[in-house]
**Student:** 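First the structure, then my questions, so here it is.
All figures in this text were calculated on a predicted structure; none of them were measured in a lab. All residue numbers refer to positions in the sequence shown, counting from 1. Atoms within each ligand, like the ligands themselves, are counted from 1 in listed order.
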Amino acid sequence: MTTGTQIRPLRPSDYEIVIAIIDEWWGGRHMADMLPRLFFEHFSDTSFAVEQDGSLVGFLVGFLSQSRPAEAYIHFVGVHPEHRGQRLGQRMYEGFFNVARIHGRTIVRAVTSPVNTGSIAFHARMGFLVESGQAARDGVQIAPGYDGAGQDRVRFVKYLPESRSEPLISSPNT
Ligand SMILES: CC(C)(COP(=O)(O)OP(=O)(O)OC[C@H]1O[C@@H](n2cnc3c(N)ncnc32)[C@H](O)[C@@H]1OP(=O)(O)O)[C@@H](O)C(=O)NCCC(=O)NCCS
C-alpha cells in the first residue's frame, strides 16, 4: 500500500461520501438503494474504510450473522477505480476475515450479480466457492430470482480455517 494509506472502521459520517460515489464506482449501475444509512450506523465494528491522504478510496460493509452463529456476511465492497489492483480489496477482506474469526465465525458468505464478472473473479481469488444454483450462465452457477423477480445472484461461501484451540507452547505438566 502507498504511504498515507490506512484502513479504519467505517463511520456514520462516511455514508454521504460513499453514497455520492457508489454508482460511479459500479460502472453506472444504480447501487445506492442497496446501501442505506443503517449499515453505517449499526455495523461499524465489522465494516472498514480505506483512506489515502485523507480521501476515502475504498470501503467494505459486512456483519456477523444474527441468526447463524457460525456465519458472517459481506454485503458490499468497493475500491475507487483509480486505486484498483493495489490489493486494497484483499486487505479489507483479510481484515474482515480476522474480525469474523475473533468472533468465532467460520463461514463467510456474499452474493453478487452475474453481470459483475470482476466481482466473481475477485471472490474466487479471495478463496470463495460458488454455491450451486438452479441455473448456470457462462459456466457460473446462479440462483435465479434470489433477490426478487429478475434479480439473479451468484452466491459465494468461504470456509475460514478454525483458529487454534491448543496452546502455542505446551507445558510439560499437561
Ligand atoms: C472487486 C474490487 C473490490 C476489487 O478490489 P481491488 O482492490 O482492485 O482488488 P485487489 O487488488 O485486492 O485484488 C485481489 C485479487 O483479485 C483479483 N481481481 C480483482 N479484481 C479483479 C477483476 N476485476 N478481474 C479479475 N481479477 C480481479 C486481482 O487480480 C488479485 O488477484 P491475484 O492475487 O491473482 O493478483 C474492485 O474491483 C471494485 O471496487 N469493483 C467495483 C465494485 C464491485 O463490483 N464490488 C464487488 C461486489 S459488492
**Student:** On a heavy-atom basis, I'd like to know which of W25, F122, Y93, F156 is closest to atom 4 (C) of ligand 1.
**Tutor:**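 Comparing heavy atoms across W25, F122, Y93, F156, the nearest one to atom 4 (C) of ligand 1 lies in F122.
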**Student:** Using heavy-atom distances only, which candidate in R87, H123, M126 approaches atom 10 (P) of ligand 1 most closely?
**Tutor:**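 When every heavy atom of R87, H123, M126 is considered, R87 comes closest to atom 10 (P) of ligand 1.
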**Student:** Under a 3.5 Å distance rule, please check whether D23 uses its side chain to pair with a backbone N or O of M31 as donor and acceptor.
**Tutor:**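 A pair under 3.5 Å: yes.
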**Student:** Using protein heavy atoms only, decide if any is under 4.0 Å from atom 2 (C) of ligand 1.
**Tutor:**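 No, there is none.
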**Student:** Tell me the closest heavy-atom pair linking L10 and S44, and the distance in Å.
**Tutor:**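 Looks like O-CB, 3.0 Å.
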**Student:** Going by the atom numbers of ligand 1, which of them fall below 4.0 Å from some non-hydrogen atom of N116?
**Tutor:**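 So the atoms of ligand 1 that pass are 43 (C), 44 (O), 47 (C).
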**Student:** In the protein, which heavy atom is nearest to atom 40 (N) of ligand 1, and how far is it?
**Tutor:**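 The closest heavy atom on the protein side is R84 CZ, 3.6 Å.
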**Student:** Would you tell me whether S132 and Q141 have side-chain atoms, one donor and one acceptor, within less than 3.5 Å of each other?
**Tutor:**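 S132 vs Q141: no donor-acceptor pair found between side chains.
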**Student:** Any atoms of ligand 1 less than 4.0 Å from a non-hydrogen atom of G85? List them with their elements.
**Tutor:**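 Here the atoms of ligand 1 in question are 6 (P), 8 (O), 11 (O).
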**Student:** Could you check whether any side-chain N or O of S47 sits under 3.5 Å from a backbone N or O of F43, counting only pairs where one atom can act as donor and the other as acceptor?
**Tutor:**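 Flag set: sc S47 to bb F43 pair under 3.5 Å.
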**Student:** Do side-chain atoms of H123 reach the backbone of S119 as a donor and acceptor pair under 3.5 angstrom?
**Tutor:**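 Between the backbone of S119 and the side chain of H123 there is a qualifying donor-acceptor contact (under 3.5 Å).
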**Student:** Where is the nearest protein heavy atom to atom 31 (O) of ligand 1: which residue, which atom, and how far?
**Tutor:**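 Of the protein heavy atoms, R125 NE, 3.4 Å lies nearest.
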**Student:** Show the atoms of ligand 1 that are less than 4.0 angstrom away from any heavy atom in G78.
**Tutor:**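 That gives atoms 39 (O) of ligand 1.
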**Student:** Is the distance between the ring centroids of H75 and F63 under 6.0 Å?
**Tutor:**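 No.
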**Student:** What protein heavy atom sits nearest atom 7 (O) of ligand 1, and how far off is it?
**Tutor:**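 The protein heavy atom lying closest is G89 N, 2.9 Å.
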**Student:** Can you find a protein heavy atom closer to atom 29 (O) of ligand 1 than 4.0 Å?
**Tutor:**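 It does not; no protein heavy atom is within 4.0 Å.
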**Student:** Does a sphere of radius 6.0 Å around CZ in R8 hold more than 12 heavy atoms from other residues, nucleotides or ligands, not counting ones at 6.0 Å or beyond?
**Tutor:**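 Enclosed: over 12 neighbouring heavy atoms sit under 6.0 Å from CZ of R8.
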**Student:** Quick one: look up the protein heavy atom nearest atom 12 (O) of ligand 1 and list residue, atom name and how far away it is.
**Tutor:**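 Residue, atom and distance for the closest contact: Q90 N, 2.8 Å.
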**Student:** Considering P81, S119, G118, which one's heavy-atom position lies nearest to atom 22 (C) of ligand 1?
**Tutor:**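 Answer by nearest heavy atom: G118.
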**Student:** If you count the atoms of ligand 1 from 1 in the order shown, which ones are under 4.0 Å from a heavy atom of A121?
**Tutor:**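 Those atoms are 24 (N), 25 (C), 26 (N).
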**Student:** So which heavy atom in the protein is nearest atom 5 (O) of ligand 1, and how far is it from that ligand atom?
**Tutor:**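 So the nearest neighbour among protein heavy atoms is V79 CG2, 3.7 Å.
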**Student:** I'd like to know whether the aromatic ring centres of W26 and F76 sit less than 6.0 Å apart in this structure.
**Tutor:**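 Yes.
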**Student:** How far is atom 45 (N) of ligand 1 from its nearest protein heavy atom, and which residue and atom is that?
**Tutor:**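 Its nearest protein heavy-atom neighbour is V77 O, 2.8 Å.
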**Student:** Can you label the angle between the F128 ring and the F156 ring as parallel, tilted or perpendicular, going by 30° and 60°?
**Tutor:**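 F128 vs F156 ring planes: perpendicular.
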**Student:** Charged N to carboxylate O under 4.0 angstrom, E16 versus R37?
**Tutor:**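 Salt bridge between E16 and R37, a charged N being under 4.0 Å from a carboxylate O: yes.
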